[in-house]
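Below: the structure, in structure tokens.
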2 protein chains.
Amino acid sequence: MQKKLTIQDIARLAGVSKATASRVLNGNPSVNGELRARVMRVVEEHDFVPNATAVSLAGGNTHLIGVLAPPLVWPALPEIIRGVAEYIEDSAYEIVLYSINFANAECNHSEVVKRILNLHLVSGLLAIFTDELLPQITRLAQDGLPIVLIDDQEEPGHIPWVGIDNRESARTAIRYLLELGHKRIAHIRGPQYYYWANERYRGYCQALQEAGIAPEPELLLQGGFEPLHGRQCAEQLFARERASWPSAIFVANDQMAYGVLEYVEQQGIRVPEDVTIVGFDDNLLSAYTRPPLTTVHQPFSEMGRRATELLLNMIDPQYLAGPKASQQVQASTEFLQLSERDQPVHLQLPTSMVIRASSTQASLSVKT
Amino acid sequence: MQKKLTIQDIARLAGVSKATASRVLNGNPSVNGELRARVMRVVEEHDFVPNATAVSLAGGNTHLIGVLAPPLVWPALPEIIRGVAEYIEDSAYEIVLYSINFANAECNHSEVVKRILNLHLVSGLLAIFTDELLPQITRLAQDGLPIVLIDDQEEPGHIPWVGIDNRESARTAIRYLLELGHKRIAHIRGPQYYYWANERYRGYCQALQEAGIAPEPELLLQGGFEPLHGRQCAEQLFARERASWPSAIFVANDQMAYGVLEYVEQQGIRVPEDVTIVGFDDNLLSAYTRPPLTTVHQPFSEMGRRATELLLNMIDPQYLAGPKASQQVQASTEFLQLSERDQPVHLQLPTSMVIRASSTQASLSVKT
DNA sequence: TTGTATGCGTTATCAC
DNA sequence: GTGATAACGCATACAA
């Protein structure tokens with residue numbers, strides 16, 4: 001590999017000390033205009049960029065943020081990371097990807113966390129869908145590592161968190177169905193002990209009650225995550241006599257809704273004529289199911305962006321990226337407001353209903 | 001952030017010099033067994049891990065590999081990166097993600113490349129689908145940065161490359177259709193100047209000729225990448241009188257095949273009864289289309305794994321990860337064999353035909 | 001075999 | 001304002 005220039009070389013070529021060269025590179029105002037120009041000329045002439053490793057060691061900030069996440073084949077992840085990458089792109093930071101496969105029981109995932117902490121490689125961590133790792137993440141946070149969480153498996157705690165209002169979003173979805181005239185609305189809920197699942201369930205109940213409808217136990221089914229779970233629940237629902245069928249189903253996530261769609265099509269049950277289906281998440285696929293799925297849109301890439309913004313502000317409150325200066329100030333302010341009130345930072349982003357053919361032929365978009 | 005222990009502290013606690021402590025940590029055999037044990041005890045007691053930044057600066061290897069890729073919403077990427085991550089997981093390296101959005105014309109992507117080179121942050125680069133950046137990547141390689149390419153947009157050149165045999169794979173696909181008894185096989189090909197598109201086209205022609213069938217110009221359509229392109233080509237194909245319809249279509253990639261499936265379903269043309277569809281890539285979605293798509297499976301995650309293996313061996317030929325020792329040796333050998341013969345390293349992985357309902361009701365898998 | 005001393009490329013703290 | 005010089009935490013050539 002071609003030997004790279006050091007700041008020493010730049011200094012020599014410009015006829016100054018490396019201290020001065022360093023000052024120029026870091027925009028220190030206390031440098032003579034003429035000297036600054038001279039150094040800058042040499043720098044640009046050679047496309048000089050300071051060695052990242054050395055900067056890290058001396059400056060105490062690696063300008064690296066870790067992104068801890070399950071494999072990217074999880075539906076929402078590419079979107080989230082796109083947001084992260086977009087924000088990082090015009091910052092001075094880079095992304096270190098810690099992709100962790102929970103399905104692989106062989107390896108001890110806590111080793112990964114240990115690596116993150118001990119290596120001191122990253123100056124901050126964005127933890128997405130942490131699953132069983134949350135306790136260790138919490139410990140990292142207590143040790144002082146800046147961490148932002150995108151994960152609504154558990155109720156947000158003291159770690160800065162970016163997400164949505166699951167309950168309110170579910171309530172909006174149900175109210176939409178009520179406005180469509182549905183009375184018998186079933187709910188295939190998510191896993192028992194998951195915060196998001198419980199919240200969406202609560203929103204479902206709340207909306208029904210507000211409409212004077214008592215939630216019927218037989219219209220509530222315990223699902224999970226996957227298409228198969230949705231399919232199984234659908235089998236149960238439609239195994240009964242036709243009169244007791246629901247006219248609409250609110251499925252706790254899109255993945256399960258796919259299973260429902262598959263099953264009802266095979267059974268010749270028409271959507272939305274016989275039954276209306278509404279999902280939650282708005283995965284990229286959901287626009288291409290048959291029929292396309294009406295669902296609650298989660299602003300995944302925006303979540304990634306905002307979480308990154310928050311994280312960079314935690315790592316370095318002084319930090320202002322050029323093109324984003326104003327936004328950064330705003331975010332910083334927002335962040336300070338919350339943390340000054342000694343409240344944990346919880347950023348709740350708005351969701352929106354995406355109306356597709358699984359509920360109607362019309363195509364609208366209703367903001368929450 | 002909690003003040004971390006340094007190797008100095010460990011040395012003091014173990015009553016040795018930091019040089020010895022360093023030797024123990026790096027498995028240098030020339031250390032007395034008793035001392036080694038003493039140091040190790042202290043190390044484990046404190047969960048000590050050397051500071052990554054300092055190791056990099058002193059050792060000249062950052063143990064970071066860059067992964068340059070388009071946004072992860074590209075269908076094959078999550079799979080490829082899963083392979084990379086799996087291999088990296090039990091290595092001493094980490095992944096730096098350079099996600100680059102070609103669609104965003106605003107920013108100058110060459111800036112990203114400049115960042116990669118100049119910062120000297122990563123010790124190697126895995127470049128996936130480099131699009132317009134290939135010339136700059138090539139320059140990086142010439143400057144001595146270890147680079148492995150996963151990208152068959154252009155014919156593989158002097159940069160180590162991992163991919164598949166597009167021509168042979170296409171040929172196999174067509175032979176499969178011929179065995180099924182098809183005579184009128186159409187081809188929706190990929191973009192004009194793309195290597196993979198040309199190769200797959202050649203494979204198509206070759207297989208036909210071998211069967212004594214002259215490729216008919218009217219059965220060849222110029223497509224692109226996306227579902228819409230596939231759809232448009234399908235429209236053309238089926239706009240003609242029924243007698244001139246193809247009995248099978250070989251679509252150059254799954255994405256376009258989705259568009260074809262969508263169109264024929266809307267037209268009431270049955271698959272596979274009226275027309276058989278075969279794609280290429282085996283994206284994750286392709287098992288869930290209606291009907292599920294028969295296609296050529298690309299071993300994306302394996303490509304990620306092997307590319308990473310190759311890259312680590314280029315960065316550090318001495319490097320042998322514990323659990324992978326044997327494989328590593330093998331890879332290293334393989335790599336040396338090629339490079340010693342002064343041939344550019346091109347690793348061609350086998351593909352396989354995945355038979356699904358778009359071609360038949362039976363479900364088989366035929367290796368290429 | 002072990003310890004001492006120097007270098008890695010910066011930033012930051014001093015004097016000047 | 002500017003230039004020596006000391007960290008930063010580790011690896012390693014060299015001396016012992």
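Nothing here was measured: the structure is a model prediction, and the numbers come from that model. A note on names: the letters A, B, ... follow the listed sequences, proteins ahead of strands, and every chain is numbered from 1.
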Let's see if you can work this out: which of [options] has an atom nearest to the side-chain heavy atoms of [X]?
X	options	value
Ile7(B)	dG1(D), dA4(D), dA11(D)	dA11(D)
Arg23(B)	dG3(C), dC10(D), dT2(C)	dG3(C)
Asn26(A)	dA11(D), dT11(C), dT12(D)	dT11(C)

Does the side chain of [X] get closer than 4.0 angstrom to OP1 or OP2 of [N] through an N or O atom?
X	N	result
Asn51(A)	dC8(C)	no
Ser30(A)	dG1(D)	no
Ser17(A)	dG3(D)	yes

Aromatic ring pairing Trp161(B)/His346(B), orientation class (parallel under 30°, perpendicular over 60°, tilted between): perpendicular
Sugar-phosphate, base or nothing in reach of Leu25(B), heavy atoms under 4.0 Å: nothing
Sugar-phosphate, base or nothing in reach of Leu57(B), heavy atoms under 4.0 Å: base
Comparing Ala19(B) and Gly59(B) on DNA chain C - which has the more 5′ nearest nucleotide: Ala19(B)
To the nearest Å, give me how far apart [atom1] ([X]) and [atom2] ([N]) are.
X	N	atom1	atom2	answer
Leu5(A)	dT10(C)	CG	P	9 Å
Asp9(B)	dC10(D)	CG	C1'	13 Å
Lys18(B)	dC8(D)	NZ	C1'	10 Å
Ile10(A)	dG9(C)	CD1	P	13 Å
Arg12(A)	dG3(D)	CZ	P	15 Å

Name of the residue among Glu86(A), Arg306(A), Arg82(A) meeting side chain to side chain contact (heavy atoms under 4.5 Å, CB included) with Ser301(A): Arg82(A)
Residue whose nearest DNA chain D nucleotide is more 5′ - Ser22(B) or Ala54(A): Ala54(A)
Pair of N/O donor and acceptor under 3.5 Å linking dG1(D) base with Arg36(A) side chain: no
